[in-house]
Amino acid sequence: MSTPEPKPLRADARRNRERLLDVAVRAFSQDGPDVTLDAIAKEAGVGIGTLYRHFPTREALIEAAYRNELAKLCDAATGLLEEMPPDVALRTWMDRFVDYLATKRGMADALRAVIAAGANPYAHSRDRLVGAIGTLIEAGAADGVFRRDVAAEDVLTGMNGACLAAGEPAQREQAGRVIDLLVDGLRHGADGAG
């Protein structure tokens, strides 16, 4: 017997949930894991009962906030390709990736609490990221602006390395320069390269 699909949220409930997630990301990133749920609910403009209806535990809120940030990043790949050429879309997405990593770093203590409670917020992160990158580099290869022999996993590793080596946000410029080199490497030897 299969589990029935949950009913879709009403528009107001969906907006409340999104506001709670946005506020939670900011709060856990800036104030750490001990920020009160009351403070999050108040800043989101909802009652504590609304918060608990959507997220029955602190850990559920933290995990949902992290996964929501990951989903926004990964889902952006397709939209960026609709708006701009593949190489510009990838570079724009990479900037968003740097922001995502900064948020993840800011939420590190809160995410450790989720892991200590037995959950794994990172379970599908790598697959989602590789899928988004794959979409972007495949579009670039099809347009002849990127090489065809590049694995999305390798691009993710390069981006992670650039961000880790550059360090904190003060070094964001350096991470950007290294990511520019990575994009240039994707272009080198492409079908349409001159």
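Note that the numbering runs from 1 along the sequence shown for the chain. Computed from a predicted model, the values in this text were never measured in an experiment.
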request  = Quick one: list whatever passes side-chain hydrogen bond (donor to acceptor under 3.5 Å, both in side chains) with Asn68, sequence neighbours left out.
outcome  = none
key: Pairs satisfying salt bridge (Lys or Arg N to Asp or Glu O under 4.0 Å), at least one member in residues 20-39, at least two apart   = Asp22-Lys72, Arg26-Glu43
request  = Taking the side chain as every heavy atom from C-beta outward, state whether Val46 and His54 have any atom pair closer than 4.5 Å.
outcome  = no
Distance, nearest 0.5 Å, that separates CG of Leu61 from OG1 of Thr57 = 8.0 Å
inquiry  = Run the side-chain hydrogen bond (donor to acceptor under 3.5 Å, both in side chains) test against Arg15 and tell me which residues pass, sequence neighbours left out.
reply    = none
Side-chain polar contacts of residues 82-89 - donor-acceptor pairs under 3.5 angstrom, sequence neighbours left out - could you list them?
{"residue": "Asp87", "atom": "OD2", "partner": "Arg187", "partner atom": "NH2", "Å": "3.2"}

inquiry  = Determine whether Ile133 and Met94 satisfy the following criterion, side-chain contact (heavy atoms from CB on, under 4.5 Å), listing intermediate values before the conclusion.
reply    = CA-CA 9 Å; Ile133 294 167; Met94 288 174 157; over 6 Å; no
task = Treating Ile, Leu, Val, Met, Phe, Trp and Tyr as nodes and any side-chain heavy-atom pair under 4.5 angstrom as an edge, say whether Leu101 and Trp93 lie in one connected cluster.
result = yes
query = Taking only residues at least two apart or on different chains, which pairs with a member in residues 20-53 satisfy ring pair (Phe, Tyr, Trp, His ring centres under 6.0 Å)?
reply = none
key: Separation of Arg96 CZ from Thr103 OG1 (nearest 0.5 Å)   = 13.0 Å
task = Apply salt bridge (Lys or Arg N to Asp or Glu O under 4.0 Å) to Arg67 and list each qualifying residue two or more places apart in sequence or on a separate chain.
result = Glu63
query = What pairs of residues pass the salt bridge (Lys or Arg N to Asp or Glu O under 4.0 Å) test when at least one of them lies in residues 106-135, not counting sequence neighbours?
reply = Asp75-Arg128, Asp109-Arg112
query = Which pairs pass ring pair (Phe, Tyr, Trp, His ring centres under 6.0 Å) with one or both residues in residues 140-162, sequence neighbours excluded?
reply = none
ask   = Which ring pair (Phe, Tyr, Trp, His ring centres under 6.0 Å) pairs, counting each pair once, include a residue from residues 114-145, with sequence neighbours left out?
value = Tyr66-Tyr122
ask   = So how far is it from Leu81 CG to Leu136 CG, rounded to the nearest 0.5 Å?
value = 5.0 Å
task = Could you tell me which residues satisfy side chain to side chain contact (heavy atoms under 4.5 Å, CB included) with Arg147, sequence neighbours excluded, listed by chain and number?
result = Asp149, Val150
query = Should Phe55 and Ile62 count as side-chain neighbours, where that means a heavy-atom distance under 4.5 Å?
reply = no
inquiry  = With rounding to the nearest 0.5 angstrom, report the CD to CG distance, Glu59 to Leu111.
reply    = 11.0 Å
Under 3.5 Å, which donor-acceptor pairs do the side chains of residues 152-162 form with other protein atoms, sequence neighbours left out?
{"residue": "Thr157", "atom": "OG1", "partner": "Glu153", "partner atom": "O", "Å": "3.0"}
{"residue": "Asn160", "atom": "ND2", "partner": "Leu156", "partner atom": "O", "Å": "3.4"}

note = SG (Cys163) and CZ (Arg105) are apart, to the nearest 0.5 Å, by 6.5 Å
ask   = Shared ILVMFWY cluster between Leu181 and Ile137, side chains joined below 4.5 angstrom?
value = no
remark   = Rounding to 0.5 Å, atoms CD1 (Ile48) and OG1 (Thr36) come to a distance of 7.5 Å
key: Identified side-chain contact (heavy atoms from CB on, under 4.5 Å) counterpart of Phe97 within the set Thr92, Ile179, Leu73   = Leu73
key: Residue pairs, two or more places apart or on separate chains, that pass salt bridge (Lys or Arg N to Asp or Glu O under 4.0 Å) and touch residues 48-58   = none
ask   = Do Val178 and Leu129 belong to the same hydrophobic cluster, where Ile, Leu, Val, Met, Phe, Trp and Tyr are linked whenever their side-chain heavy atoms lie under 4.5 Å apart, directly or via other members?
value = no
